[in-house]
Amino acid sequence: MKKDINELILNKEYEKAEKLLKNLYGKNEIDYLQLHQLAFLNIIKSNNKEAINLLKKSIEKNPNYPNSYSDLGSLYLKENQISEAKKYFLKSLDFNKNLFSSLNNLGIIYKNQREYKLSIKYFLSALNVNPKNYLVVYNLAKLFDTIEDYNKAKDFYIKAIGLNPSYGNAIVGFYNLLLKTFEWRIINKFEPKLKNFGVKSFQGGEPLTFLYLEEENYIRKLRAINFFNSNFRRDHIKLNSQDNKKLRIGYISNNFIFHPVSFLISGVIKKHNREEFEIYGYSINEKKDKISEKLSKTFDVYRDISVNSDDEAANIIRSDNLDFIIDLMGYTAGSRMEILSKKVAPIQISYLAYPSTTGSNQIDYLLADKHVIPETEVKNFTEKVINIPGTFMCFDDTTKISEKVDKNNFYNFKQNNFIMVAFHKPQKLNLKTVLCWCEILKSIEDSILWIRKPNKYAMKNLLEFFEMRDIDGSRIIFADREPTYEKHLSRYKVGDLLLDTFNYNGHTTTIEALWSGIPVITLQGKNFPSRVSASILRSIGLEELIANTIDEYKQKVIFYSKNPSKIDALKSKLFKLKSDGELFNTETFTKKLEDVLKELKRK
């Protein structure tokens with residue numbers, strides 16, 4: 001009988017096998033292995049509840065059989081009962097310390113719980129059992145990447161790609177690591193592999209990393225559609241329009257903490273007209289800090305849905321009967337597009353954090369402006385593009401800056417130094433940008449490049465890059481992280497110009513610089529993220545700071561270095577705009593946003 005059942009299962013004759021096993025079960029003649037087999041057949045049919053019951057009976061008959069514990073853990077993991085899953089996985093290892101499924105699943109659980117050391121421990125044990133499992137190798141690469149052990153991350157990414165050369169998650173993850181660490185010797189060789197990657201079909205990886213490349217919007221649209229369809233696709237859902245006394249706007253984000261998105265959006269949340277609107281906030285981040293504590297109080301209703309499953313979170317949001325949900329994430333770190341793919345409001349809008357299309361058939365609109373997405377480019381977005389007059393970028397105009405700042409407070413800058421600020425994250429420092437900065441440094445005597453301090457690997461590689469091009473390392477200054485946002489902003493005042501990055505502009509950085517009173521030189525590109533700084537500058541009448549070629553960008557910086565009175569005039573203009581309440585006026589912007597939303601509601 002046992003042999004017959006085994007053969008039937010091997011031959012995938014599941015109905016016949018189930019019939020024999022149920023017959024044994026009814027006669028109470030079934031052993032622990034057969035109970036395990038019957039549970040397996042129920043799992044195939046998605047009868048998880050019955051499978052759990054059978055596995056527990058299998059354990060009663062043989063408390064020393066590890067596979068029953070492990071499979072029970074897997075079922076609880078599917079049900080999102082993490083503590084139960086963990087308990088059974090750990091128990092299975094008491095009887096077989098080399099049980100791959102339990103080791104691997106514990107690695108996943110601890111990774112999701114951000115217990116990275118434990119996660120690494122279990123993934124390394126799983127890899128010891130199965131050295132050629134590229135998924136385990138990839139998970140280890142991501143973990144070492146997360147804890148900023150970039151040398152080990154690099155080794156594991158390379159190993160994962162070696163085991164499976166077509167595994168897109170590893171390819172894209174490795175490229176992102178190269179950007180973060182400014183591995184200039186490898187980046188140029190690796191980038192050709194990413195040309196049209198994921199455009200014909202989904203190949204793995206997330207779309208955000210590709211925004212650092214020089215690409216057309218239509219390429220990004222095709223990739224985003226494939227990414228969304230492979231991960232979140234469902235038939236378009238239409239929710240009925242709500243009939244609330246006041247229009248209800250929901251904002252969903254992982255970044256209601258010390259984060260650029262909070263610094264930009266917080267003023268809008270406060271300035272919304274409460275006579276016409278009710279404002280809901282949905283946090284998908286367990287982390288709490290002083291910013292989240294303060295910001296949460298500015299919403300009419302604030303809900304922490306970070307620990308809820310996607311289905312639970314979607315139901316919570318739907319129950320609030322919103323008119324609009326505004327996603328402040330897109331595909332940025334910590335996003336939960338799965339929630340929005342379930343349709344939680346009649347009108348779903350992408351805004352601010354992700355400067356590209358989501359490729360989603362559930363996101364109805366994208367808030368932008370006519371400069372970042374010209375009319376000729378609208379077709380390259382799956383969302384309907386809604387233009388906000390002026391610039392689509394917002395800011396909190398109550399943001400304070402520490403008052404007195406002296407050049408000598410920072411790294412003993414000399415009075416005759418021409419200080420070029422570049423407080424950008426390392427992923428934005430592509431080779432074209434940094435090569436241009438090298439040429440500028442060579443052209444301007446006593447010039448200093450003041451860069452946001454990156455990780456130690458990127459620092460080393462950047463200095464090597466500059467020094468190999470005859471730029472003395474003493475002219476590259478790395479800005480340490482400041483303890484408060486006010487002190488961070490105050491540093492900009494020391495600078496003469498902010499040098500913008502090319503493929504992906506400094507969006508928040510550009511606003512910070514202008515708010516702090518220093519001009520920004522930008523190169524306007526072809527796609528959304530490379531046109532944001534130009535949009536901001538146009539909105540305040542500083543078109544003369546926008547370049548259309550790299551050479552023009554370089555010449556503008558050199559021109560202003562030789563004409564300090566012109567910089568003083570620009571700084572005076574910024575000061576006047578700010579004093580007159582015209583620089584990033586939050587109330588004016590919020591009114592424009594509300595007018596757009598009211599018009600969408602009327603439609």
Side-chain angles (χ1 to χ4, degrees), residues 80 82 108-116 119 138-139 141-148 153 169 172-173 176-177 179-180 204-212 224 227-228 230-232 250-266 269 280-296 299 302-314 316-317 325-342 344 348-360 362-363 366 425-428 455 504 507-508 529:
N80 204 35
I82 305 302
I108 292 168
I109 287 172
Y110 285 119
K111 182 182 78 167
N112 293 339
Q113 293 179 335
R114 300 180 185 175
E115 294 188 51
Y116 300 128
S119 182
Y138 168 71
N139 274 320
K142 288 293 287 183
L143 282 162
F144 284 117
D145 199 337
T146 301
I147 64 174
E148 298 186 5
N169 287 344
V172 177
N176 191 48
L177 178 70
L179 293 175
K180 277 192 289 194
E206 39 69 45
L208 175 64
T209 297
F210 292 91
L211 300 192
Y212 301 113
F227 179 80
F228 180 84
S230 296
N231 291 280
F232 311 110
Y251 290 91
I252 183 169
S253 182
N254 185 65
N255 299 318
F256 294 141
I257 53 173
F258 191 94
H259 188 278
V261 167
S262 283
F263 303 141
L264 296 174
I265 199 69
S266 58
I269 306 301
Y280 289 68
Y282 302 95
S283 173
I284 51 175
N285 192 341
E286 290 180 67
K287 184 180 176 182
K288 304 289 181 290
D289 61 16
K290 288 181 180 179
I291 299 295
S292 61
E293 185 181 345
K294 183 179 177 182
L295 187 55
S296 65
F299 291 96
Y302 183 79
R303 304 195 192 285
D304 181 347
I305 56 171
S306 59
V307 297
N308 295 100
S309 69
D310 295 326
D311 283 326
E312 289 168 345
I316 289 167
I317 298 172
I325 185 80
I326 298 179
D327 175 38
L328 299 173
M329 296 301 298
Y331 295 124
T332 55
S335 64
R336 289 178 65 180
M337 185 59 73
E338 181 70 25
I339 295 172
L340 293 156
S341 75
K342 297 174 184 295
V344 294
Q348 302 199 146
I349 299 169
S350 178
Y351 177 54
L352 195 60
Y354 188 70
S356 189
T357 183
T358 61
S360 168
Q362 306 293 354
I363 304 292
L366 171 65
K425 63 181 181 179
Q427 288 97 318
K428 294 185 179 183
N455 57 78
Y504 197 135
H507 302 178
T508 307

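Values below: every heavy atom of this structure, side chains too, minus hydrogens, waters and symmetry copies. Numbering of residues begins at 1 and proceeds along the displayed sequence.
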key: Ring centers of Phe256, His259 separated by less than 6.0 Å   = no
task = May I ask you to check whether Phe258 and Phe263 place their ring centers less than 6.0 Å from one another?
result = yes
message = Other residues, nucleotides and ligands only: do more than 12 of their heavy atoms fall within 6.0 Å of NZ on Lys342?
response =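 Buried by this count: over 12 neighbours within 6.0 Å.
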query = Would you say Glu293 has more than 12 foreign heavy atoms packed within less than 6.0 Å of its CD?
reply =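 For Glu293, atom CD is not crowded (no more than 12 foreign heavy atoms under 6.0 Å).
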Can any side-chain N or O of [X] pair as donor or acceptor with the backbone N or O of [Y] at less than 3.5 Å?
| X | Y | result |
| --- | --- | --- |
| Thr146 | Lys142 | yes |
| Thr358 | Gly330 | no |
| Ser350 | Leu366 | no |
| Ser341 | Glu338 | yes |
| Gln348 | Leu340 | yes |
| Ser335 | Met337 | no |
| Ser296 | Ser292 | yes |
| Asn169 | Gly205 | yes |
| Asn455 | Lys180 | yes |
| Glu206 | Leu208 | yes |

Check whether any side-chain heavy atom of [X] lies under 4.5 Å from a side-chain heavy atom of [Y], and answer yes or no.
| X | Y | result |
| --- | --- | --- |
| Asp327 | Ile325 | no |
| Tyr116 | Phe144 | no |
| His507 | Leu264 | no |
| Ile252 | Ile284 | yes |
| Phe228 | Tyr331 | yes |
| Pro207 | Tyr354 | yes |

Give, for atom [atom1] of [X] and atom [atom2] of [Y], the distance between the pair rounded to the nearest 0.5 Å.
| X | Y | atom1 | atom2 | result |
| --- | --- | --- | --- | --- |
| Met329 | Leu352 | CE | CG | 11.0 Å |
| Asp145 | Glu148 | CG | CD | 8.5 Å |
| Lys294 | Ile257 | NZ | CD1 | 15.5 Å |
| Lys428 | Lys425 | NZ | NZ | 6.0 Å |
| Tyr351 | Ile326 | OH | CD1 | 8.5 Å |
| Ile269 | Leu295 | CD1 | CG | 6.5 Å |

Identify the heavy atoms of [X] and [Y] that sit nearest to each other, and give their distance.
| X | Y | result |
| --- | --- | --- |
| Asn285 | Lys287 | OD1-N, 2.9 Å |
| Asp304 | Ser283 | OD1-O, 3.6 Å |
| Pro355 | Pro529 | O-CD, 3.2 Å |
| Ala141 | Ala153 | O-CB, 3.6 Å |
| Ile363 | Ile349 | CG2-C, 4.2 Å |

task = Return yes if a side-chain donor-acceptor contact under 3.5 Å exists between Ser309 and Asp311, otherwise no.
result = no
key: Residue list, side-chain hydrogen bond (donor to acceptor under 3.5 Å, both in side chains) with Asp310, at least two apart or on another chain   =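 Result, side-chain hydrogen bond (donor to acceptor under 3.5 Å, both in side chains) vs Asp310: Arg336.
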request  = Name the orientation class of the two ring planes belonging to Tyr280 and Tyr282 (parallel below 30°, tilted from 30 to 60°, perpendicular beyond 60°).
outcome  =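 Taking Tyr282 first and then Tyr280, their aromatic rings lie parallel (interplane angle under 30°).
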